[in-house]
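Working notes, beginning with the structure itself.
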Amino acid sequence: MKRNTIIAGNWKMHLSYPESVQLTEQILSEYKNYINNHTKIILFVPFVYAQSIARLCLHRGEIYVGVQNMYPEKSGAYTGEISPTMLNSIGIKAVIIGHSERRTLFHEKDEFLAKKVKSALEHHLIPVFCVGETFEERENNQTQEVIRTQVTKGLFDLSSEEIKNVIIAYEPVWAIGTGKNATPEQAQEVHSYIRSLLQTQYGSSVSDTIPILYGGSMKPDNAAQILQKPDVDGGLIGGASLKAQDFIAILQSVPQSNA
Ligand code: PEP
């Protein structure tokens with residue numbers, strides 16, 4: 001089963017507005033040389049720039065603009081929050097849900113994240129649902145248990161039809177922003193475990209179609225080896241997505257067999 005390869009950038013809370021436009025324009029001027037029908041790009045940008053960046057990327061079939069969070073209600077008295085309907089109205093196509101920074105710094109729990117995933121899907125936004133263990137959990141051999149809990153609680157209330165529209169990102173917490181990536185073998189081991197959970201719950205006709213991205217210090221010099229693993233369907237890239245040359249170099253690392 002051929003799955004799309006997805007190269008996604010998470011800009012987090014970085015860049016000024018002019019810098020974000022410049023980065024987008026650099027990516028737009030080069031990506032065509034390195035992309036094909038099976039590769040898609042998603043730029044997860046700060047809310048305040050989302051509409052402008054979405055306009056810049058309009059009519060580029062393979063490049064989508066997403067945001068890094070959303071609130072699961074359509075509208076209401078939720079001061080400071082952004083709803084899925086607002087995102088729909090400015091052309092946003094995807095949303096990161098459950099990034100470890102949201103789970104840790106903003107105390108977002110599995111049940112709340114499950115609500116966000118459901119709400120995103122109801123509004124035709126693609127949720128990129130993040131899971132991953134801490135260093136301590138890995139050292140204590142709890143990686144599978146942590147991943148199983150996050151996947152089960154976050155996603156398994158969805159129907160087969162719903163989950164087909166979800167992207168999962170495996171992001172070991174110890175690898176995010178640390179310069180210390182998972183080895184290709186460690187990534188493959190967890191990705192194939194996640195796929196086995198999906199298969200048990202939904203069957204292989206569903207589990208075979210769901211892209212599972214790796215995130216955690218992916219860089220031009222380690223991307224090719226990680227991306228060539230069979231259950232790794234792309235990357236969610238933080239630091240290296242802030243420089244057009246690095247992001248494009250990662251795009252170039254997509255194995256030709258996936259291309
Ligand atoms: C991320 O923000 O999801 C991420 C993986 O960051 P970095 O690539 O900087 O580790």
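Predicted, not measured: the structure shown is a model, and the values here were computed from it. Remember, it's 1-based here, ligands and their atoms both numbered in the order they're listed.
By the 3.5 Å distance cut-off applied to N or O atoms, Glu101 is not counted among the residues near ligand 1. For a threshold of 3.5 Å applied to N or O pairs, the pair formed by Thr178 and ligand 1 contains no separation below that value. Taking distance alone, with nitrogen or oxygen atoms compared against 3.5 Å, Gly216 stays at or beyond that limit from ligand 1. Residue Lys219 has no N or O atom closer than 3.5 Å to an N or O atom of ligand 1. The distance criterion of under 3.5 Å between nitrogen or oxygen atoms is not met by Ile237 with respect to ligand 1. Close N/O approach between Ile176 and ligand 1 is not found [any backbone or side-chain N/O within under 3.5 Å].
With salt bridges taken as basic N to acidic carboxylate O contacts below 4.0 Å, one links Lys116 and Glu108. Under the 4.0 Å criterion applied to side-chain N and carboxylate O atoms, Asp208 and Arg195 are not assigned as salt-bridge partners.
Side chain of Gln188 to main chain of Asp231: a donor-acceptor pair is present (N/O by atom type, distance under 3.5 Å, no hydrogens or angles). Within the 3.5 Å criterion, the main-chain N or O of Thr149 finds no donor-acceptor partner in the side chain of Thr152.
A side-chain N or O of Glu137 and one of Thr134 form a donor-acceptor pair less than 3.5 Å apart. With hydrogens and angles left out, the side-chain atoms of Glu19 and Ser16 include a donor and acceptor closer than 3.5 Å. Checked by atom type, the side-chain pair Glu133/Tyr170 shows a donor-acceptor distance below 3.5 Å.
Numbered from 1 in the order shown, with element, the atoms of ligand 1 that lie under 4.0 Å from a heavy atom of Ala175 read 10 (O). Of all atoms in ligand 1, numbered sequentially from 1 with element shown, those under 4.0 Å from a heavy atom of Lys12 are 1 (C), 2 (O), 6 (O). Ligand-side atoms of ligand 1 in range of Asn10: 1 (C), 2 (O), 3 (O), range being under 4.0 angstrom from any heavy atom.
Atoms CD and CD, on Gln142 and Glu136 in that order, are 7.5 Å from each other to the nearest 0.5 Å.
Nearest-heavy-atom check against atom 6 (O) of ligand 1 across Gly238, Ala8, Pro172, Gly215 picks out Gly238. Counting only non-hydrogen atoms, the option in Cys130, Gly179, Gly9, Gly177 that gets closest to atom 10 (O) of ligand 1 is Gly177.
Annotation: atom 1 (C) of ligand 1 to nearest protein heavy atom, His99 NE2, 3.3 Å. Regarding atom 3 (O) of ligand 1, its nearest protein heavy-atom neighbour is Glu171 OE2, 2.7 Å. Shortest contact from atom 9 (O) of ligand 1 to any protein heavy atom: Gly239 N, 2.8 Å.
Taking the centre and axis of the six-membered ring of Phe135, the NZ or CZ atom of Arg138 falls outside the cone set by 45° and 6.0 Å.
Residue contacts with ligand 1: Ser217 is included, with a non-hydrogen atom under 4.0 Å away.
For Phe247 and Tyr31, the gap between ring centers reaches or exceeds 6.0 Å.
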